[in-house]
Novice: 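Here it is: the structure, laid out below.
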Amino acid sequence: MELSLKNLTKRYGQKVALDDFSYVFPRGICGILGANGAGKSTMMNLITDNVSRDAGEILFDGKDVLELGREFRKKLGYMPQQQGMYDEMSAYSFLLYVAKLKGMRTRDAKKQAARLLELVNLRDAAHRKLAGFSGGMRQRVLLCQALLGDPEVIILDEPTAGLDPKERIRIRNYVRDLAKDNIVLWTTHIVSDIETIADDVILMKHGRLVAHGRPQELIETAGGHDLEDVYMHYLGGDDKDA
Ligand SMILES: Nc1ncnc2c1ncn2[C@@H]1O[C@H](COP(=O)(O)OP(=O)(O)OP(=O)(O)O)[C@@H](O)[C@H]1O
Ligand SMILES: [Mg+2]
């Protein structure tokens, strides 16, 4: 199983958000690093078909995802960076709602919603309105909706932003286990989040691929001690937004 991006380009007016970008994501976790505006979310929005590409291909096992259409979308779990939530719904009913959109059977949806809420430590809050949830609690509900339906391609755009360390570690461990059989893309500014769990790391700048490799390889090449050193080595010179 692999997800392959070929010469993918996205422009917003004059701005090239993703610039002739090519990369193959195999099974496992790929950590994606880059400054604000580097093009990380744009890449994810292209894969999930939330924005349309200007050029290039996105292939899942050799077939274009646009042609696969629904067949691909059923395999996809997406946690967006920002999302308005349905404040009047409870966490549990929100998950049932998303499950319905994904075409899941009600029985499976109920079972999975309960299991996922337990997993992110929200069982006791499951039937409370989302309006009263803290930022970190909302974040965890968003992760749950991405994981409904056992997706094979899991796209997580800053999944741990705003989480306390305990919840971050819990989620990190869970996603690490999931990634054994699946393709996981994980963007973050908390470099340490992916240092121990990512199979591969890519570094992006101005919509382009700057470097990629296994965390340990990158650390050695950069002559550093950890992934933060790698980040500074490749991306530290750029002070202004991309
Ligand atoms: N809807 C849009 N309209 C216009 N420009 C956009 C739009 N979305 C993104 N851009 C521009 O595309 C570039 C890449 O943005 P993107 O959101 O992909 O960056 P990012 O790497 O996800 O950044 P961050 O770390 O802040 O989330 C930026 O210059 C941004 O201003
Ligand atoms: Mg982003």
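Just so you know, ligand 1 is whichever comes first in the structure, and atom 1 is the first atom listed for that ligand.
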Novice: Assess the side chains of Y78 and N45: does a donor N or O sit below 3.5 Å from an acceptor N or O?
Specialist: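 N45 and Y78 do have a side-chain donor-acceptor pair below 3.5 Å.
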Novice: If the contact criterion is a heavy-atom separation under 4.0 Å, does K10 count as touching ligand 1?
Specialist: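 Flag not set, K10 not near ligand 1.
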Novice: Do F25 and Y23 have their ring centres less than 6.0 Å from each other?
Specialist: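 They qualify: ring centres under 6.0 Å apart.
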Novice: Suppose we only count N/O/S atoms under 2.8 Å; would Q81 qualify as near the Mg ion (ligand 2)?
Specialist: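 It does: Q81 brings an N, O or S atom closer than 2.8 Å to the Mg ion (ligand 2).
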Novice: What atoms of ligand 1 come within less than 4.0 Å of a heavy atom belonging to Q81?
Specialist: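 Heavy-atom distances to Q81 below 4.0 Å select 27 (O).
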Novice: Please determine whether any non-hydrogen atom of H189 lies less than 4.0 Å from an atom of ligand 1.
Specialist: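 H189: in contact with ligand 1 (<4.0 Å).
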Novice: Which option, Q14, M44, K40, owns the non-hydrogen atom nearest atom 25 (O) of ligand 1?
Specialist: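 Residue with the shortest heavy-atom distance to the ligand atom: K40.
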Novice: Among G37, G13, A17, which residue places a heavy atom closest to atom 28 (C) of ligand 1?
Specialist: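 Nearest heavy atom to atom 28 (C) of ligand 1 lies in G37.
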Novice: In ligand 1, which numbered atoms sit nearer than 4.0 Å to a non-hydrogen atom of E158?
Specialist: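 Counting from 1, the qualifying ligand atoms are 25 (O), 27 (O).
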Novice: Ignoring hydrogens and angles, tell me if any N or O in the side chain of D229 forms a donor-acceptor pair with the backbone of M232 under 3.5 Å.
Specialist: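 No: the side chain of D229 does not pair with the backbone of M232.
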Novice: For ligand 1, find out whether one of its N or O atoms is nearer than 3.5 Å to an N or O atom of G34.
Specialist: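 No.
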Novice: Find all atoms of ligand 1 within a distance of less than 4.0 Å from any non-hydrogen atom belonging to K15, and give their numbers and elements.
Specialist: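 Those of ligand 1 that fall under 4.0 Å from K15 are 29 (O).
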Novice: Would T187 and E158 count as having a side-chain donor-acceptor pair, cut-off 3.5 Å?
Specialist: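 E158 and T187 do not have a side-chain donor-acceptor pair below 3.5 Å.
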Novice: Which of the numbered atoms in ligand 1 are below 4.0 angstrom from a heavy atom of T42?
Specialist: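 What qualifies from ligand 1 is 14 (C), 15 (O), 16 (P), 18 (O).
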Novice: Would you find more than 12 non-hydrogen atoms of other residues, nucleotides or ligands less than 6.0 Å from K6 atom NZ?
Specialist: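 For K6, atom NZ is not crowded (no more than 12 foreign heavy atoms under 6.0 Å).
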Novice: Does M44 put an N, O or S atom under 2.8 Å from the Mg ion (ligand 2)?
Specialist: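 For M44, the answer is no, given that no N, O or S atom comes within less than 2.8 Å of the Mg ion (ligand 2).
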Novice: Does the side chain of E167 come under 3.5 Å of the side chain of N121 through a donor N or O and an acceptor N or O?
Specialist: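 A donor-acceptor contact under 3.5 Å links the two side chains.
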Novice: Report, in ascending order of atom number, the atoms of ligand 1 lying under 4.0 Å from any heavy atom of S41.
Specialist: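 Selected atoms, number and element: 17 (O), 18 (O), 20 (P), 22 (O), 27 (O).
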Novice: Treating Ile, Leu, Val, Met, Phe, Trp and Tyr as nodes and any side-chain heavy-atom pair under 4.5 angstrom as an edge, say whether L156 and L185 lie in one connected cluster.
Specialist: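 Unlinked, L156 and L185 end up in two clusters.
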Novice: Can you tell me if R170 has over 12 outside heavy atoms packed within less than 6.0 Å of its CZ?
Specialist: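 Count over threshold, so yes.
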Novice: Between D181 and R27, is there a side-chain N and carboxylate O pair less than 4.0 Å apart?
Specialist: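 Looking at D181 and R27, the cut-off is not met.
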Novice: Out of all atoms in ligand 1, which are within 4.0 Å of some heavy atom of A35? Include the element for each.
Specialist: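 That gives atoms 21 (O), 25 (O) of ligand 1.
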